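Data block below; observations after.
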Amino acid sequence: MPELPEVESTRRRLVPSMVRARITAVDLRRPDLRGPFPRRFAARLTGQTVNALDRRAKYLVASLSSGETLLMHLGMSGSFRTLPDGPARRAEALDPHDHVVFHMSSGRAIVFNDPRRFGMMELVAAGKLARHAVIGRLGPEPLSSNFDGAALARACRGKKTSLKAALLDQRVVAGLGNIYASEALHIAGISPTRRASILATASGAPREAAHRLADAVRFVLEKAIARQSPGTYRDDRFLVYDRAGERCSKDGCSGVIKRRVQTGRSTFFCPVCQR
DNA sequence: ATTGAGACCTGTCGGC
DNA sequence: TGCCGACAGGTCTCAA
């Protein structure tokens, strides 16, 4: 379930048991996750204090007392849960897809579960994060002041690929995934198949659609994060995602939601109100 | 350099 | 019921 909103709510959920707590032990139950898994991963983490837990795009970024950074990605099917540390040391409390367990001095255990194992963990040396091959090339955070119509237009200038594909490119905007890319295009009323370059003039200045799309991106993500806060009503119906064949919900629109495949991923859109 | 196809891995669901 | 293909919220690598 992980796009930016899910990663962000995961982060918020983990902060109380993880931040300012020491890693007392790491149980690496299955080390063949994606990414350059350092040798002696567990030993290098053990004894370190987590000074902060941040998010960049869909990555969780744990700052460690050594100055190193622990990067964590949920892939397609990853999730974290916490439980009291004692029970987490008993095998029967864990499932076969619980691959990593961090035992924390807070008395909590943080368990990484990932059936498909597209998830990733990587220990990055102090000072190397900004030049990291992926992190260093990420586009703006969509909820930050660095992201607006002008930034989006600049990133899409001259791009021959579709707008849908451009929104999934983490160098254009960091953290959007397949669901919210479709949702944002629907809110903005723009067809997912149009070329990304239409957002900018030849000189790279933003056209009106760029502002509308950037606003829609921000809107869907903020709404999704708010919806997932603990204790709030969770309404996870989407406007278009996974709703092929249903009526478009936009006021006054008589369209029917269509599904099509773009660069190998499903796109959902209304052919009537998205032009 | 940019772009799209295929690969990675497991689970679930719908159709026959 | 069981088998089989299609599909799943991500990203990496490779070749055109």
Side-chain angles (χ1 to χ4, degrees), chain A residues 1-11 29-37 55-61 71-80 94-100 112-122 124 132-139 142 154-186 192-200 204 217 220-221 223-225 227-228 234-245 258-269:
Chain A
M1 48 173 205
E3 292 190 33
L4 185 152
E6 293 77 19
V7 179
E8 177 59 22
S9 54
T10 297
R11 186 193 72 79
R29 310 180 75 236
R30 174 143 196 183
D32 53 338
L33 304 178
R34 187 173 61 85
F37 236 78
R55 181 191 54 73
R56 178 77 171 102
K58 297 168 199 165
Y59 290 84
L60 290 168
V61 182
L71 282 181
M72 295 171 281
H73 197 291
L74 300 176
M76 286 282 260
S77 58
S79 64
F80 281 96
L94 301 173
D95 120 353
H97 299 305
D98 287 340
H99 304 312
V100 185
F112 178 65
N113 181 285
D114 185 10
R116 291 178 76 179
R117 287 187 286 123
F118 290 168
M120 181 282 261
M121 287 199 189
E122 180 180 355
V124 181
H132 184 273
V134 173
I135 302 292
R137 289 176 174 79
L138 287 171
R154 229 179 295 126
C156 289
R157 177 185 179 185
K159 268 194 175 297
K160 292 194 171 71
T161 191
S162 67
L163 270 174
K164 166 71 180 334
L167 288 179
L168 291 180
D169 184 341
Q170 302 295 296
R171 296 165 306 182
V172 170
V173 51
L176 263 197
N178 202 41
I179 292 179
Y180 297 110
S182 280
E183 295 291 291
L185 285 161
H186 181 256
T193 61
R194 301 198 68 188
R195 282 190 174 203
S197 59
I198 63 148
L199 296 186
V217 165
V220 281
L221 295 177
K223 196 160 127 253
I225 291 172
R227 237 173 15 201
Q228 293 185 16
R234 187 183 153 92
D235 158 46
D236 54 0
R237 288 312 310 257
F238 302 112
L239 296 169
V240 288
Y241 185 81
D242 205 20
R243 296 189 61 176
K258 293 269 184 292
R259 170 187 182 269
R260 64 176 290 164
V261 175
Q262 291 182 282
T263 58
R265 319 289 311 274
S266 289
T267 300
F268 298 88
F269 67 107

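Just so you know, these numbers come straight off a predicted model, no measurement behind them. Chain letters run A, B, ... following the sequence lines, proteins first, then strands; residues in each count from 1.
To the nearest angstrom, P of C:dC7 lies 12 Å from CG of A:Asp242. Counting to the nearest Å, the P atom of C:dT13 and the CZ atom of A:Arg137 are 11 Å from each other. The interatomic distance linking A:Arg117 (CZ) with C:dG9 (C1') rounds to 19 Å, in whole Å. In this structure, A:Leu33 places its CG atom 18 Å from P of C:dG10, rounding to the nearest Å. Spacing between atom CD of A:Gln262 and atom P of B:dG4 amounts to 9 Å, rounded to whole angstrom units. Here C:dC12 presents its P atom at 9 Å from CD of A:Gln170, a figure rounded to the nearest Å. The CG-P distance, from A:Asn178 to C:dG10, rounds to 6 Å in whole Å. A:Lys159 has its NZ atom 13 Å from the P atom of B:dA1, to the nearest Å.
OP1 or OP2 of C:dC12 has at least one side-chain nitrogen or oxygen of A:Arg34 nearer than 4.0 Å. Taking side-chain N and O atoms only, A:His73 has a distance below 4.0 Å to OP1 or OP2 of C:dT11. Look at A:His97 and you won't find any side-chain N or O under 4.0 angstrom from OP1 or OP2 of B:dC9. Checking the phosphate oxygens (OP1, OP2) of B:dT3, no side-chain nitrogen or oxygen of A:Thr263 falls inside 4.0 Å.
Across all strands shown, nothing is found opposite B:dC9 as a Watson-Crick or G-U wobble partner with both distances under 3.5 Å. Remark: C:dG9 base-pairs with no nucleotide; criterion is Watson-Crick or G-U wobble with both hydrogen-bond distances under 3.5 Å.
With hydrogens and angles left out, the side-chain atoms of A:Glu122 and A:His132 include a donor and acceptor closer than 3.5 Å. Side-chain contact, A:Lys164 with A:Thr267: a donor N or O sits under 3.5 Å from an acceptor N or O.
Proximity note for A:Thr161 (side chain, C-beta onward) versus B:dG4, C:dC12, C:dG9: the nearest is B:dG4. Checking C:dT11, B:dT3, B:dG4 against the side-chain heavy atoms of A:Lys58 singles out C:dT11 as nearest. Nearest to the side chain of A:Val134, among B:dT3, B:dG11, C:dC12, sits C:dC12. Distance from the side chain of A:Phe118 is smallest for B:dC9 among the nucleotides C:dT11, C:dG9, B:dC9. Each of C:dC12, C:dG9, B:dG4 was ranked by its minimum atom distance to the side chain of A:Ala165; first place goes to B:dG4.
Nucleotides B:dA5 and C:dC7 have their P atoms positioned 15 Å apart, rounded to a whole Å.
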For the pair A:Arg30 and A:Asp32, evaluate salt bridge (Lys or Arg N to Asp or Glu O under 4.0 Å) and give the outcome as yes or no after the intermediate values.
-> CA-CA 6 Å; A:Arg30 174 143 196 183; A:Asp32 53 338; 2.9 Å; yes
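One N or O donor and one acceptor, one from the side chain of A:Arg116 and one from the base of B:dC9, sit under 3.5 Å apart.
The two residues A:Pro142 and A:Val217 make their nearest non-hydrogen contact at CB-CG1, 3.9 Å. The nearest pair of heavy atoms linking A:Glu183 to A:Leu239 is OE1-N, 2.7 Å.
The aromatic rings of A:Phe112 and A:Phe80 sit tilted, their planes meeting at an angle between 30° and 60°.
Note on A:Arg265: a base of the nucleic acid sits closer than 4.0 angstrom, heavy atoms only.
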